[in-house]
Each structure stands twice: as structure tokens, then as C-alpha cells.
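Worksheet: one structure, shown below.
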Amino acid sequence: MTALGTDLVPYREQIGARLWNAADNTGQVIVQHTTESEGGNTSVIGYLERTRAGSYQTMVDFDGEEVRMVPDNRQAWGAMNQGNRRGLHVCAMGRAEWDRARWLREGKLLERTAMRYAEWSRLYSIPLVKISAPQAAAGQRGIVGHIDISAAFHESDHWDPGHHFPYDVVIARAREINTGSTNKEDTMPSAQDIAKAVLDTQLTRPDGTPSETVGNVLAWIDQHAAQLVVEQLGPGSEAIRGHVVNPTRWDELGDRTQVEALAALLEAAGIGPRPVK
């Protein structure tokens with residue numbers, strides 16, 4: 001998966017209205033909301049500040065702008081007593097009635113929401129997993145919608161972000177952000193595949209006609225190199241290939257090595273070593 005959206009409008013803070021309870025929240029759950037409007041962050045936050053009718057830790061707009069309204073260590077006014085006490089609240093521009101296809105058109109919004117989930121998961125060890133209303137009521141940690149808080153504690157009838165919010169997409173992207181992985185298909189061949197491809201490559205002669213494969217040529221070189229080692233070091237040298245050994249002295253050469261015997265022949269023939277220039 002790649003980024004759900006790019007060129008996001010930068011994050012900013014707008015917390016002067018102090019729309020929160022002084023008490024901390026428990027950080028049990030991340031609670032997803034929707035604005036039930038499409039007017040943009042500035043309009044919605046302005047309304048909330050004038051009416052003091054609600055708040056969220058952050059608001060996310062269609063262009064990817066995230067606005068901080070409430071510090072993480074305070075209780076936002078997002079989901080009645082139980083929801084406010086237990087949750088960190090993020091509100092997305094949009095409507096609960098939207099279907100999945102409509103949500104997936106908002107890539108920048110979903111990308112910024114995934115970034116928020118990822119950061120809260122890192123900071124507060126909240127699992128990046130969608131949980132149900134009964135699980136939330138039982139104290140399990142994870143991600144819920146306002147609809148789940150309503151069903152768990154029966155303090156309101158709000159059902160945002162609806163039944164089709166793409167939690168799976170947003171959570172998968174949040175996990176990806178936290179692991180630094182893009183989950184792209186790994187197209188790099190294995191070392192074994194590379195070796196096989198090299199060994200199976202067919203060489204060509206200078207005249208352009210096909211010759212042996214690289215593997216056959218290497219096998220031929222290995223075989224003949226082994227024969228030369230045997231000739232130089234004597235019988236049984238196959239067992240000590242790869243080790244530093246002393247050349248064999250041959251009885252037939254007067255207990256000389258082959259090199260020493262050759263030097264003796266040259267000396268007897270009056271052919272000495274070349275002077276060093």
C-alpha cells in the first residue's frame with residue numbers, strides 16, 4: 001500500500017477556547033467521529049467554539065489539514081461521560097450516511113487520519129485494531145467509532161462515522177506508517193535465483209555461435225584445476241584442496257619438487273636465471 005493521499009495541508013493548533021475537561025482521559029480507545037457536515041475545519045471549529053457544544057483532540061479536513069483542538073492529556077467533549085473519559089477523539093469531515101466508495105474518494109483525509117492513529121498508537125500503546133462495542137465496554141483497547149461508544153454505554157444515540165467508514169484501509173495504513181513498510185511486492189530475486197540465472201547463462205564464441213553455459217565452464221575449470229593440483233602435489237591431494245601444503249618431492253627427480261627439478265635442468269644446460277632489472 002502506498003500513501004492514501006499526498007500534499008496534505010500542514011497540521012496546526014487552535015486550542016485557545018479550551019474546550020475540554022481538566023481531567024486526563026485513560027487512553028483506552030481511539031474514537032472516530034464525523035462532523036456530519038462538509039464545510040471545512042474553519043467553519044466547524046468556529047461553530048464549536050461559539051456554542052461550546054463539543055470538541056475533539058483533532059479535526060481532519062478533506063485536504064488533509066489536521067487541527068489540534070484538545071491536548072491528549074485532557075478529556076474532549078466528544079462522546080458523553082464514558083467516551084470522553086476513555087478516549088482520544090479524532091473527527092473527520094464527512095457524513096455517517098456515506099458508503100465505502102464515497103469515503104475512499106477522500107485519500108488525503110484518510111491518510112491524515114491514519115497518521116493520527118499511528119502516532120497515538122506509538123505514544124500510548126493503543127493497538128491498531130478495530131474493536132466492538134462489547135469489547136470497549138469490557139475495557140479492551142483499540143479503535144472504535146462513536147457508534148460503538150453509544151452501543152457500549154447507552155449515553156447517546158450518535159452513530160457516526162456510520163457503518164461504512166473504511167477502518168480496514170486506515171488501520172492498515174497506520175500499521176504501515178509505524179513499521180516503515182510500504183508492503184510493496186518484493187520483486188528482488190533470492191540469492192539462489194540469481195545464482196541459477198548466472199550459471200544457466202549461455203556463453204557465445206567470438207564468432208557469435210553459442211557455447212557452453214557458465215555453469216558448465218566453471219565445472220570444467222574446477223575439474224581441470226583439480227587435475228593440475230594432483231599433478232603438482234601428488235596422489236591424494238584431492239583430500240587437502242583448499243589448504244596450504246608443501247609441494248611434493250618426487251623420488252624420480254632426486255627428492256626434488258617439479259620446480260626444483262626444472263631449475264636443475266636449466267642450470268645443467270647453462271641457462272641461468274634472468275638478471276633482475
Review point. After noting the C-alpha distance and the side-chain angles of Arg52 and Leu19, does the key distance pass the side chain to side chain contact (heavy atoms under 4.5 Å, CB included) rule?
Key: CA-CA 7 Å; Arg52 301 185 70 82; Leu19 304 178; 3.4 Å; yes
**Study point:** Sole candidate of His146, His33, His158 that passes ring-ring contact (aromatic ring centres under 6.0 Å, His included) when paired with His89
**Key:** His33
Check your understanding: Going by heavy atoms in the side chains, are Met115 and Glu111 under 4.5 Å from each other?
Key -> yes
**Study point:** Same cluster (ILVMFWY, side-chain, under 4.5 Å), Leu4 and Tyr117
**Key:** yes
Practice item. Tell me, with the steps shown, if Ile171 and Lys130 meet side chain to side chain contact (heavy atoms under 4.5 Å, CB included). Key: CA-CA 8 Å; Ile171 290 172; Lys130 176 66 174 65; 4.0 Å; yes
Point to revise | Spacing of CD belonging to Glu106 relative to CZ belonging to Phe62, to within rounding of 0.5 Å | key: 5.0 Å
Point to revise | Side chain proximity check, Ser37 to Met93, heavy atoms < 4.5 angstrom | key: yes
Review point. CZ of Arg175 to CG of Leu128: how many Å apart, nearest 0.5 Å?
Key: 6.5 Å
Study note, to complete from the structure: Distance col, row Asn73:CG vs Leu88:CG, nearest 0.5 angstrom, shows 10.0 Å
Practice item. Start with the C-alpha gap between Val144 and Val31, add the side-chain angles, then the distance that decides, and say whether side chain to side chain contact (heavy atoms under 4.5 Å, CB included) holds. Key: CA-CA 5 Å; Val144 297; Val31 186; 3.9 Å; yes
Review point. Any chance the side chains of Trp77 and Asn21 put a donor and an acceptor closer than 3.5 Å?
Key: yes
Exercise for review: State, with a plain yes or no, whether a side-chain heavy atom of Val9 is found less than 4.5 Å away from one of Lys108.
Suggested key: no
**Study point:** Taking every non-hydrogen atom, the tightest pair across Leu104 and Val169
**Key:** CD2-CG2, 4.1 Å
Exercise for review: Decide yes or no for Gln32 and Thr113: does some side-chain heavy atom of the first lie under 4.5 Å from some side-chain heavy atom of the second?
Suggested key: yes
**Study point:** Closest approach of Ala151 to Ala133 (non-hydrogen atoms, all atoms of both residues)
**Key:** CB-CB, 3.7 Å
**Study point:** Flag side-chain contact, heavy atom, 4.5 Å: Asp72 against Trp120
**Key:** yes
Point to revise | Closest approach of Gly142 to Ile131 (non-hydrogen atoms, all atoms of both residues) | key: N-CD1, 4.0 Å
Exercise for review: Find out if a path of hydrophobic residues (ILVMFWY) with successive side-chain heavy-atom gaps under 4.5 Å connects Val90 to Val129.
Suggested key: no
Review point. Looking at CD of Glu66 and CD of Glu13, how far apart are the two atoms once the value is rounded to the nearest 0.5 Å?
Key: 10.0 Å
**Study point:** Enclosure of Arg122 CZ (heavy-atom neighbours >12, cutoff 6.0 Å)
**Key:** yes
Review point. Looking only at heavy atoms, what is the nearest atom pair of Ser150 and Ser156, with distance?
Key: OG-OG, 3.1 Å
Exercise for review: Would you check, one step at a time, whether the test side chain to side chain contact (heavy atoms under 4.5 Å, CB included) holds for Ile149 with Arg86?
Suggested key: CA-CA 10 Å; Ile149 294 295; Arg86 295 168 182 259; 5.6 Å; no
Exercise for review: Determine whether Arg68 and Tyr11 make a side-chain contact, defined as any pair of heavy atoms from C-beta on separated by less than 4.5 Å.
Suggested key: yes
Check your understanding: Taking a hydrophobic cluster as the set of Ile, Leu, Val, Met, Phe, Trp and Tyr residues connected by side-chain heavy atoms closer than 4.5 Å, whether directly or through intermediates, do Met69 and Tyr124 fall within one such cluster?
Key -> yes
Point to revise | Same apolar cluster (I L V M F W Y, side chains within < 4.5 Å links), Ile147/Val60 | key: no
Review point. Should the ring pair Phe165 and Trp103 be called parallel, tilted or perpendicular, given that the plane angle runs from 0 to 90° and is split at 30 and 60?
Key: perpendicular
**Study point:** Approximate separation, where rounding is to 0.5 Å, of Glu260 CD and Leu265 CG
**Key:** 12.0 Å
Review point. Is any side-chain heavy atom of Gln14 closer than 4.5 Å to a side-chain heavy atom of Asn41?
Key: no
Review point. Should Leu48 and Tyr56 count as side-chain neighbours, where that means a heavy-atom distance under 4.5 Å?
Key: yes
Point to revise | Heavy-atom closest contact (Gly27 atom, Arg141 atom, distance) | key: O-NH2, 2.7 Å
